[in-house]
2 protein chains.
Amino acid sequence: MRAATLTTKDKILQAAAEIAMEVGPVHLSLDAVARRAGLSKGGLLYTFPTKAKLLEALVEHHVAEFDESLRMQEARRNHKVNSVVQACIEVYRAEFVLNEPEPSGILAAIANDPSFIDPIRRYNKQLLDRMKENSEDPTMALIAFLTIEGLRSLKLLDMDTLTHEDQIAAIDGLRQLFAPCDPDKPSQPATG
Amino acid sequence: MRAATLTTKDKILQAAAEIAMEVGPVHLSLDAVARRAGLSKGGLLYTFPTKAKLLEALVEHHVAEFDESLRMQEARRNHKVNSVVQACIEVYRAEFVLNEPEPSGILAAIANDPSFIDPIRRYNKQLLDRMKENSEDPTMALIAFLTIEGLRSLKLLDMDTLTHEDQIAAIDGLRQLFAPCDPDKPSQPATG
DNA sequence: TTGACTTTACCGTCCGGACGGTACAGTAAA
DNA sequence: TTTACTGTACCGTCCGGACGGTAAAGTCAA
């Protein structure tokens with residue numbers, strides 16, 4: 001487990017996600033992943049003993065990354081009203097601003113076995129509950145959740161339905177809908 | 001081409017979509033589809049000469065069905081403001097109320113070849129444009145589009161993140177956000 | 001209305017290739 | 001000496017698709 005350069009595991013995960021997005025999850029072969037990651041098939045099988053383990057890791061990695069970003073955003077908003085929704089918006093916004101192409105590879109996992117989605121299912125359910133609890137208007141929390149889910153799904157499927165400007169407009173629109181309207185915070189925070 | 005009972009083509013399409021959702025698009029084999037549809041592999045290949053043609057038909061079918069429903073909903077709302085957004089909401093609502101499980105199979109198509117998504121890409125782009133043009137507030141149109149896209153993606157991935165009540169709440173919430181607030185139409189139409 | 005022919009809608013078999021996974025010998029750094 | 005691989009060779013299975021056949025339904029002239 002090195003830290004300076006990209007871990008072998010990370011290289012493999014990234015390669016797998018890229019290939020899946022390029023040629024489609026069906027044609028995601030271990031041979032191709034190994035080649036793209038710059039190691040042999042033996043080396044790949046050494047790191048991930050089966051294809052299923054690789055796909056599982058893909059999903060785990062995706063959830064873990066999102067959760068980490070979310071908790072960071074939440075931390076700076078001490079459980080105030082709408083803070084979970086706001087944090088979600090900001091996580092998506094940060095991804096978008098950094099222009100992460102995010103070929104997450106979860107599509108590949110699901111395509112191989114629908115049950116790989118279970119962790120995401122659980123995570124999202126829990127996240128939505130927290131959003132609703134923390135919000136003034138549970139229905140608006142739902143809509144916020146779904147809007148972000150919509151944005152994420154478009155990215156997941158590599159759809160350029162929204163232009164860059166549209167995406168900014170959507171994010172800003174969401175932000176305003178859930179902006180803190182307290183007098184002590186007259187406008188949106190410029191924290192990003 | 002009979003009309004009384006389900007067409008062979010439709011049976012195949014349905015079988016393919018079902019299998020894809022059950023075992024994952026990767027394991028969608030022509031043999032399995034043929035078996036499920038109640039014919040031989042030869043018969044299947046007679047109807048769809050290649051797997052690609054089958055997947056293409058899956059996507060086409062999906063888009064065509066949605067478009068038909070949408071146009072019907074639009075027809076009863078003569079180009080009034082927000083009518084496109086409203087129509088979209090009602091189409092989703094109708095699907096939901098009828099409890100269509102919609103194993104649409106487009107995931108299978110995309111999984112086999114990402115370029116199969118192109119027709120959907122084009123369709124959605126055009127739809128979003130129409131939504132924005134037809135709406136008072138383009139940003140809110142965006143949010144409506146994304147919310148519905150969120151709902152659709154959850155269904156596409158077979159996610160039960162939202163309970164039945166949540167879905168109703170989300171749809172009703174959307175409806176209210178885009179309800180005609182003209183004096184001549186004081187409340188939501190009960191047309192459903 | 002019969003016989004000749006075409007079209008439609010399949011069936012069953014087979015083949016080549018791709019893929020997941022195994023086995024194992026070797027190697028270079030730490 | 002262990003860890004983290006490389007590289008090669010190979011196995012068994014599955015799958016897409018080609019192909020040859022066939023039974024029934026329709027067409028049409030005599």
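Just so we're on the same page: letters track the sequence lines, and every chain starts at 1.
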Task: Integer-rounded Å distance: dG16(D) P and Lys53(B) NZ - done: 17 Å
Between the protein and nucleotides 6-11 of chain D, are there any N/O to N/O pairs under 3.5 Å, and if so, what are the atom names and distances?
| from | atom 1 | to | atom 2 | distance (Å) |
| --- | --- | --- | --- | --- |
| dT6(D) | OP2 | Ser40(A) | N | 3.0 |
| dT6(D) | OP2 | Ser40(A) | OG | 3.1 |

Task: salt_bridge(Arg76(A), Glu90(A)) N-O dist < 4.0 Å - done: no
- [ ] Could you tell me whether a side-chain N or O of His27(A) sits under 3.5 Å from a main-chain N or O of Asn112(B), the two making a donor and an acceptor?
- [x] yes
Task: Heavy-atom side-chain contact between Asp166(A) and Leu128(B) under 4.5 Å - done: yes
Task: N/O (side chain, Thr47(A)) to phosphate O (OP1/OP2, dA4(D)) under 4.0 Å - done: no
TODO: Mind calculating the distance between NZ (Lys9(B)) and P (dT8(C)) to the nearest angstrom?
DONE: 12 Å
- [ ] Can you sort out the partners of His62(A) under side-chain contact (heavy atoms from CB on, under 4.5 Å), two or more places apart, ordered by chain and number?
- [x] Glu102(A), Ser104(A), Ile106(A), Ile120(A), Arg152(A)
Open item on the list: Please tell me whether Glu18(B) and Gln14(B) have a donor and an acceptor in their side chains that are separated by less than 3.5 angstrom.
Closed with: yes
Task: Minimum side-chain heavy-atom gap Cys88(B)-Met131(B) below 4.5 Å - done: yes
- [ ] Answer yes or no: is there a donor N or O on one side and an acceptor on the other, between the side chain of Arg77(B) and the main chain of Gln73(B), under 3.5 Å?
- [x] yes
Task: Whole angstrom value for the distance that separates P of dG16(D) from CG of Leu55(B) - done: 9 Å
Task: Interatomic distance, Leu45(A) CG vs dA4(D) P [rounded to whole Å] - done: 16 Å
TODO: Specify the separation, in whole Å, of atom CG of Leu54(A) and atom P of dG21(C).
DONE: 10 Å
Open item on the list: Whether Arg71(B) and Asp67(B) form a salt bridge (side-chain N of Lys/Arg under 4.0 Å from carboxylate O of Asp/Glu) is what I want to check.
Closed with: yes
Task: Lys51(A) NZ to dT22(C) P, straight-line distance once rounded to whole Å - done: 14 Å
Open item on the list: I need the residues from residues 26-36 of chain A with at least one non-hydrogen atom less than 4.0 Å from DNA chain C; give them sorted by number, or say none.
Closed with: Leu28(A), Ser29(A), Leu30(A)
